[in-house]
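Worksheet for the structure shown next.
Note that the structure is a prediction, hence the values are computed from the model and not measured. Every chain is numbered from 1 and lettered A, B, ... according to where its sequence line falls, protein lines coming before strand lines.
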Amino acid sequence: MVSCIAVWRGGGGVLFWGRSNRCRMDIEVCTATPPPGTYHFCSPAFATVSVHIQHSLAMIRTGEYIKDIFTMAVGTAVEARGWVKTRRDSKGVTFIQLNDGSCFKDLQAVVEQGAIPEEMMRQIGTGACLKISGELVASLGAGQSVELKVRDILIYGPADPATYPLQPKRHSMEFLREIAHLRPRSNTFGAVFRVRNAVCYAIHKFFQERGFLYVHTPIITASDAEGAGAMFGVTTLDLMNLPRTENGGINFAEDFFGRPSYLTVSGQLEGEIFASAFTNIYTFGPTFRAENSNTPRHLAEFWMIEPEMSFCDLDDNRRVAEEFLKYIIAHVVDTCLPDLEFFNKWVDDTVLETITHVAESDFQHVTYTDAITILLNADKSWEFPVAWGIDMQSEHERYLTEVVFKRPVVVTDYPKEIKAFYMRLNDDGKTVRAMDVLAPRIGEIIGGSQREERHDVLLEKIRAQHLPEEAYWWYLDLRKYGSAPHAGFGLGLERMVMYLTGMKNIRDVIPFPRTPGSADF
RNA sequence: UCCUGAGUAGCUCAGUUGGUUAGAGCAUCUGACUGUUAAUCAGAGGGUCGUAGGUUCAAGUCCUACCUCAGGAGCCA
C-alpha cells in the first residue's frame with residue numbers, strides 16, 4: 001500500500017513523494033530526473049517535507065534543458081545554460097534570448113537594471129555562453145508566455161560581437177556553410193539538425209517495432225564489383241613511393257589488406273547475407289561515392305538506410321517503403337512541429353502542406369511502361385526524347401511527380417538493360433522487378449528491387465554483363481543454399497531530410513558536407 | 001566533368017554608354033527610449049572592387065587566364 005502525490009512534473013518525468021507501510025519515506029523518480037532544487041510538499045496527512053535534489057555537473061541534464069524549463073510552473077527557481085541568440089537593450093531593462101538547442105524556441109531572460117554588474121553585462125553579446133539563474137515568471141511581453149527573471153549570470157565563454165560572424169539577421173546558406181562550426185547555433189540549422197535527429201530515431205523505431213535486425217555492414221570493402229559508382233580507395237601504401245610489380249603495376253600484395261580495397265558504396269549485398277538468416281534486417285550507416293558530382297542533391301559521404309526482407313516481393317517492398325516514409329513524416333510532425341513551422345515560414349511555404357498531404361494520401365504507382373506512355377502523350381517538348389527503353393531523365397521524373405501526380409510516385413518494372421544485375425527478371429524477359437520512389441522537387445528518394453533469387457538466372461546475368469564471376473562467389477552461394485525470395489531498398493537520409501525541411505541544397509542537411517574539392521571541418 | 005551565371009564593407013546587395021572623392025540596408029561602436037521580439041530612432045567608424053596579366057589618357061565597369069561559389073546537366077541516394 002503506497003500513497004504517492006506528485007510534486008513535480010516536467011521533461012516527461014514525475015517526482016513522487018509518498019509513504020508506504022514498508023518504507024517510511026519513498027522518493028521515486030520516474031522516467032526523467034527533476035531539475036536540481038528544493039521541492040516542498042505539504043498535506044494534512046504528513047508534515048511539511050523538503051526534498052532536495054542535487055545533480056553533479058557530469059550528469060546528463062534531463063529536466064534542465066530549456067525545452068523542459070518551458071513546462072515548469074511560474075515561480076520555479078531555474079538555471080538555464082546555453083548560447084545567446086540575440087540581446088536587446090532598452091532603458092532599464094535588457095532582454096537576452098538564450099538557446100541550448102533542445103527546442104526551437106529561445107528562452108527570454110530579462111535583466112533589470114542593477115541586477116547584474118555593468119562590467120559583466122558588457123561581455124554578454126550574441127554568441128556568448130551563459131548560465132542564467134533566476135525565477136520563471138509570467139511574461140509581460142507578447143512573444144512568450146513565460147520568461148526568466150534574472151538573479152545571477154555566469155559567463156562560461158564570452159563572444160566578441162564585433163567579430164562573431166552570426167548576426168541576428170538572415171544569412172545566405174553559402175556563407176553559413178563557410179562557418180559550419182557555428183551554423184548549428186542558427187535558427188535554420190538548429191531546426192535542420194533536430195529534424196535530422198528525429199528522422200534517425202523514427203527509422204530505428206519503425207524497423208525495431210517490426211522485428212528487423214539492425215546490422216552493421218562493412219565500411220571498407222575489397223570488392224569493387226558493386227557497380228554503384230566510383231569508389232574511394234583505401235590504402236596504407238606510401239603514395240610517393242609505391243611498390244611495383246614486375247610489369248610496372250602497383251603491388252597491392254604489400255597493401256594493408258593484401259589487395260585493393262575501397263570505401264563502401266552500398267551495404268546491400270552484405271545485407272542480403274543477413275536477411276538470409278534473420279529474415280528482416282536493415283542497415284543504417286555512411287556511404288561513399290567518389291563521383292565528381294556537383295549538384296544540390298549529391299554528396300561524397302552520405303547516410304543510407306537499406307532494409308532487406310526475406311519472403312518479400314516487389315509489391316510488399318513498395319508497401320513497406322510507403323509505410324516507412326509515412327511513419328517518418330508522422331514522427332517528425334509529432335516531435336518537431338515548431339521546426340517545421342519555421343521551415344514553412346522562412347524556407348519553403350509548401351512543406352507543411354506537402355508532407356501532411358503525403359502522410360494522408362496513397363503514393364501513386366505506375367509501371368515504367370505506363371510512365372513512358374504518359375510521357376509520350378504529354379503536351380510538352382523534351383530535351384531528352386522519350387522512348388521505351390530509355391533511362392528517365394530529371395525532367396521526366398519531375399514531370400511525373402510535380403505536374404501529373406503532384407505527390408510521390410513509385411515507378412516499377414524497368415527494362416533490364418538499365419538496371420543492376422541483381423534485380424529479379426520478370427516473366428516477360430524484358431523487365432526487372434525494380435522500383436524507384438520519386439518525390440517532387442527531390443527526385444529519386446528511394447531505389448529498390450526484388451532480388452534475383454534463382455541461381456541459374458543470376459549466374460547468367462553476371463556472365464552476360466561480363467562481371468567477375470569469382471568475386472560474387474558468396475553472393476551466388478546464397479542462391480545455392482536455402483535461397484528465398486527477397487527484396488529491399490535504399491533510402492538516402494539527406495534526401496529525406498531535404499524533403500521534410502524544404503532545404504534546397506543537400507550540403508545544408510548534413511553537419512559537415514563532403515563534396516568534390518571540399519572537406520573542411 | 002560539361003553549360004550558364006556570380007565574386008564590390010563583417011553580411012546581403014546597388015554601382016548607367018569606361019570618366020572626379022565607390023553607395024545602401026543590416027551588423028559593429030556611441031548616444032536616445034521603463035518591456036523588447038531580426039526592437040526602434042540619431043550619429044560614427046569600416047573598401048587594394050576574387051587573383052594575375054592586358055587594352056586605354058583613364059578600368060569596379062572592357063579582354064585573357066586562373067581560383068572560388070551557385071544554378072542546370074550527367075552519375076545516383
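The same atom, C1', is picked in G43(B) and in G54(B); the two are 44 Å apart, to the nearest Å.
At the heavy-atom level, D106(A) lies nowhere under 4.0 Å from the strands shown. Looking at heavy-atom distances under 4.0 Å, I445(A) makes contact with sugar-phosphate atoms alone, never a base. Among the heavy atoms of the strands lying under 4.0 Å from Q144(A) is at least one base atom, whether or not backbone atoms are also near. Residue-level contact check: G143(A) touches the bases, meaning some heavy atom is under 4.0 Å from a base atom. Within 4.0 Å (heavy atoms only), S139(A) reaches at least one base atom of the nucleic acid. As judged by a 4.0 angstrom heavy-atom cut-off over every strand, Q108(A) is placed among the base-contacting residues. R177(A) comes within 4.0 angstrom of sugar-phosphate atoms only, judged by non-hydrogen atoms across all strands, and of no base. Within the nucleic acid shown, L299(A) comes within 4.0 Å of at least one base atom, counting heavy atoms only. Nucleic acid contact class of E397(A) (heavy atoms, under 4.0 Å, all strands): none.
Mapped onto RNA chain B by nearest heavy atom, D89(A) and M304(A) fall at different nucleotides, with D89(A) at the one closer to the 5' end.
Rounding to the nearest 0.5 Å gives a distance of 4.5 Å between CD of E308(A) and CD of E272(A). To the nearest 0.5 Å, the span separating CZ on F343(A) from CE on M503(A) amounts to 6.5 Å.
Less than 6.0 angstrom separates the ring centroid of F324(A) from the ring centroid of F207(A).
Applying a 4.0 Å cut-off to non-hydrogen atoms, the residues of residues 499-521 of chain A that approach RNA chain B are N505(A), I506(A), R507(A), listed by residue number. Taken residue by residue, residues 400-419 of chain A places no heavy atom nearer than 4.0 Å to RNA chain B.
A salt bridge links R196(A) with E494(A): the closest approach of a Lys/Arg side-chain nitrogen to an acidic carboxylate oxygen falls below 4.0 angstrom.
With hydrogens and angles left out, the side-chain atoms of H298(A) and R289(A) include no donor and acceptor closer than 3.5 Å. A donor atom on one side chain and an acceptor atom on the other are found under 3.5 Å apart for Y422(A) and Q268(A). Q208(A) and Y282(A) form a side-chain donor-acceptor contact under 3.5 Å, judged by distance and modelled atom types alone. With hydrogens and angles left out, the side-chain atoms of D413(A) and T367(A) include no donor and acceptor closer than 3.5 Å.
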- prompt: Taking protein heavy atoms under 4.0 Å as touching, what does nucleotides 6-11 of chain B look like 5' to 3' if B marks base contact, S marks sugar-phosphate-only contact and - marks none?
  reply: ----BB
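When Watson-Crick and G-U wobble pairs are counted only if both distances are under 3.5 Å, U48(B) pairs with no nucleotide at all. Of the nucleotides present, G5(B) is the one that pairs with C69(B) by Watson-Crick or G-U wobble criteria, both distances under 3.5 Å.
You'll find a donor-acceptor pair under 3.5 Å spanning the side chain of N294(A) and the base of U1(B), going by distance alone.
For E147(A), the listed nucleotide lying nearest its side chain is G35(B); candidates were A77(B), U28(B), G35(B).
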